[in-house]
**Q** 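Sending over a structure as structure tokens; questions will come in a sec.
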Amino acid sequence: MLPIPEKFTLSVGKGEGKEKLTAFDAALLDAGIGNMNLLRVSSVLPPRCVYVEKMDMPFGALLPIAYGSITSDVPGETIAAAIGVGIPEDADSFGMIMEFSGFCKADEAAQRVESMVVEAFDMRGLKLKEVKVKAIDHVVEVCGSVIASCPLFYKL
Amino acid sequence: MLPIPEKFTLSVGKGEGKEKLTAFDAALLDAGIGNMNLLRVSSVLPPRCVYVEKMDMPFGALLPIAYGSITSDVPGETIAAAIGVGIPEDADSFGMIMEFSGFCKADEAAQRVESMVVEAFDMRGLKLKEVKVKAIDHVVEVCGSVIASCPLFYKL
Amino acid sequence: MLPIPEKFTLSVGKGEGKEKLTAFDAALLDAGIGNMNLLRVSSVLPPRCVYVEKMDMPFGALLPIAYGSITSDVPGETIAAAIGVGIPEDADSFGMIMEFSGFCKADEAAQRVESMVVEAFDMRGLKLKEVKVKAIDHVVEVCGSVIASCPLFYKL
């Protein structure tokens, strides 16, 4: 079996590039995850996975991560992404991670993602202790990107 | 090297949510894979990977999975997804997994995916013993989603 | 932690199929990666990851891979994909992988991806030793696909 992640953090970033992929890359760098190999997952917080403010990860490591992202090359457009993690009341239970991205402000993205976490807990009959949310927005200059992410990693 | 999966199953689900992501989440729950971290792969059945009716997986585990999925917020629309796994005649060979999703009934999705498996075996000059197929459809109420999947996992 | 890849290669392919997914599958086969489980990553070359011309990989293995791909069912359309890997001057540093796909010739795709690698190194203040690039194009017959990839694997 692949090892189950033991730590998580929340990380957001924004950036500009000459191409959509390099704008996305700039956002990843701003979020502190630009030097990892992102392995996108969908989207469960494993039981007893511990929140940390900052995560040490070796360059090029395979990093399981849930994220929302949006990239635009329309100058003046407002883009936003948000990530929300629902922590369960029962510490032995798992939690849920939800992401959102769209053409709005960070506040609205944060609200959307928070209500999605609540809905995901309701569907499972799980009790919610706390929702951690981070959101970011950006007004596109030339080609801009935002990301809101929940990297999942391991004790080193 | 990452460990090669040893077991597989076929699993379909459908659901409704307030947002597209929560509708997808409801479909995952219905398919019995809503509490895992899906790691989407493309799409080979490893040699000697064993079919099981039901798979035990710890919450939050990283689950390699091939799937087709479609989500719609147009009430009345019919959406469908199908998954097909081609089992090779030679037990030491690998097999192929194909997925399909679209606006049709489950029957049509199943036929499409079955012929894709046949085509994938033909391209490789592999002999086909059996195609396992599962398909599902759903008429969207508010925001609906279907998934047809082949989770790949390990002996615990 | 998931194991960090130790070897990489560059691989391109093109193919035709009856459906978009089987056309993509034909391109994967042509690129020599059609019998693996692709695990798409985004997109860092780990430090001291070694270039090899040819990579041995067991059937059905989970293969971390960065790639650009495009599939079209419009006969006569020219489609292209390119992959570029920037090797750092400092052998202990990491490198960057960039991919591109679009409606153009292989030459143009190669140029786009090369300048993206340069931009990614500039953003990080990294010194570039060399950019390895591979590109491919294809004129669609019925349903065609191209892929340009950087598979990342392990010493066996």
Side-chain angles (χ1 to χ4, degrees), chain A residues 1-8 37-50 62-68 82-86 88 90-102 109 111-126 150-154, chain B residues 1-8 11 13-42 46 49 55-69 71 73 142-145 147 149 151-156:
Chain A
M1 178 169 97
L2 299 165
I4 297 179
E6 300 151 330
K7 301 196 299 187
F8 76 102
N37 271 311
L38 307 191
L39 209 57
R40 197 171 192 173
V41 298
S42 160
S43 313
V44 170
L45 183 73
R48 302 213 166 267
C49 196
V50 176
L62 299 176
L63 173 62
I65 187 168
Y67 66 84
I83 187 86
V85 180
D90 174 359
D92 288 324
S93 175
F94 57 94
M96 293 300 298
I97 309 169
M98 289 280 148
E99 66 261 9
F100 174 83
S101 65
Q111 282 168 8
R112 292 283 285 273
V113 99
E114 185 161 352
S115 67
M116 284 157 74
V117 170
V118 171
E119 192 182 345
F121 268 70
D122 280 350
M123 280 189 199
R124 286 166 177 81
L126 283 178
C150 176
L152 298 161
F153 209 60
Y154 303 93
Chain B
M1 181 170 95
L2 299 165
I4 298 180
E6 300 151 328
K7 301 195 299 186
F8 76 102
S11 174
K14 61 183 175 180
E16 291 274 326
K18 289 178 194 161
E19 304 251 3
K20 285 190 173 187
L21 185 56
T22 52
F24 177 64
D25 187 36
L28 292 181
L29 266 182
D30 187 45
I33 51 178
N35 301 332
M36 305 295 125
N37 270 310
L38 307 190
L39 210 55
R40 196 172 191 173
V41 298
S42 160
C49 196
M55 223 146 72
D56 285 323
M57 299 170 289
F59 293 144
L62 299 176
L63 173 63
I65 187 168
Y67 67 84
S69 176
T71 303
D73 55 7
V142 176
C143 184
S145 184
I147 185 169
S149 75
L152 298 161
F153 209 61
Y154 303 93
K155 289 167 185 157
L156 291 182

**Q** Given a strict heavy-atom distance threshold of 4.5 Å, which part of B:Ile65 is in contact with chain A: side chain, backbone, both, or neither?
**A**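 Answer is neither: B:Ile65 stays 4.5 Å or more from chain A.
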**Q** Closer than 4.0 angstrom, basic N to acidic O: yes or no for B:Asp56 and B:Lys7?
**A**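 The answer is no: the pair does not qualify as a salt bridge.
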**Q** Quick check: closest heavy atoms across A:Leu45 and A:Gly86, and the distance to 0.1 Å?
**A**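 That closest heavy-atom pairing would be CD2-O, 4.3 Å.
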**Q** Which bit of B:Leu62 comes within less than 4.5 Å of chain A, counting heavy atoms only: side chain, backbone, both or neither?
**A**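 Both backbone and side chain of B:Leu62 come within 4.5 Å of chain A.
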**Q** As an exercise: rank B:Gly34, B:Pro58, B:Pro5 by heavy-atom pairs under 4.5 Å with chain A and give me the winner.
**A**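 Top count of heavy-atom pairs under 4.5 Å with chain A: B:Gly34.
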**Q** Counting N and O atoms only, with roles assigned by atom type, does the side chain of A:Glu119 sit under 3.5 Å from a partner on the main chain of B:Lys18, one being a donor and the other an acceptor?
**A**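 Side chain of A:Glu119 to backbone of B:Lys18: a pair is present.
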**Q** With a 4.5 angstrom heavy-atom cut-off, which part of B:Leu63 approaches chain A: side chain, backbone, both or neither?
**A**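 Neither part.
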**Q** Please flag which part of B:Phe59 lies under 4.5 Å from any non-hydrogen atom of chain A: side chain, backbone, both or neither.
**A**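 Interface part for B:Phe59: both.
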**Q** Please indicate whether A:Tyr154 has more than 12 foreign heavy atoms, meaning atoms of other residues, nucleotides or ligands, lying under 6.0 Å from its OH.
**A**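 It does: A:Tyr154 OH has more than 12 such atoms within range.
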**Q** Give the member of A:Arg124, A:Met116, A:Met98, A:Arg40 that has the highest number of heavy-atom pairs under 4.5 Å with chain B.
**A**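 Top option by heavy-atom pairs under 4.5 Å: A:Arg124.
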**Q** So what's closer than 4.5 Å to chain A heavy atoms on B:Met36: side chain, backbone, both or neither?
**A**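 For B:Met36, backbone heavy atoms alone lie under 4.5 Å from chain A.
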**Q** Of the non-hydrogen atoms in B:Ser149 and B:Tyr67, which two are nearest, and what is the gap between them?
**A**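 Answer, listing the atom of B:Ser149 first, then B:Tyr67: CB-CB, 3.7 Å.
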**Q** A:Leu152 versus chain B, heavy atoms under 4.5 Å apart: side chain, backbone, both or neither?
**A**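 The side chain, not the backbone.
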**Q** On a heavy-atom basis, which atom in A:Val44 and which in B:Gly60 lie closest, and how many Å separate them?
**A**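 The pair with the smallest heavy-atom distance is CG1-CA, 3.7 Å.
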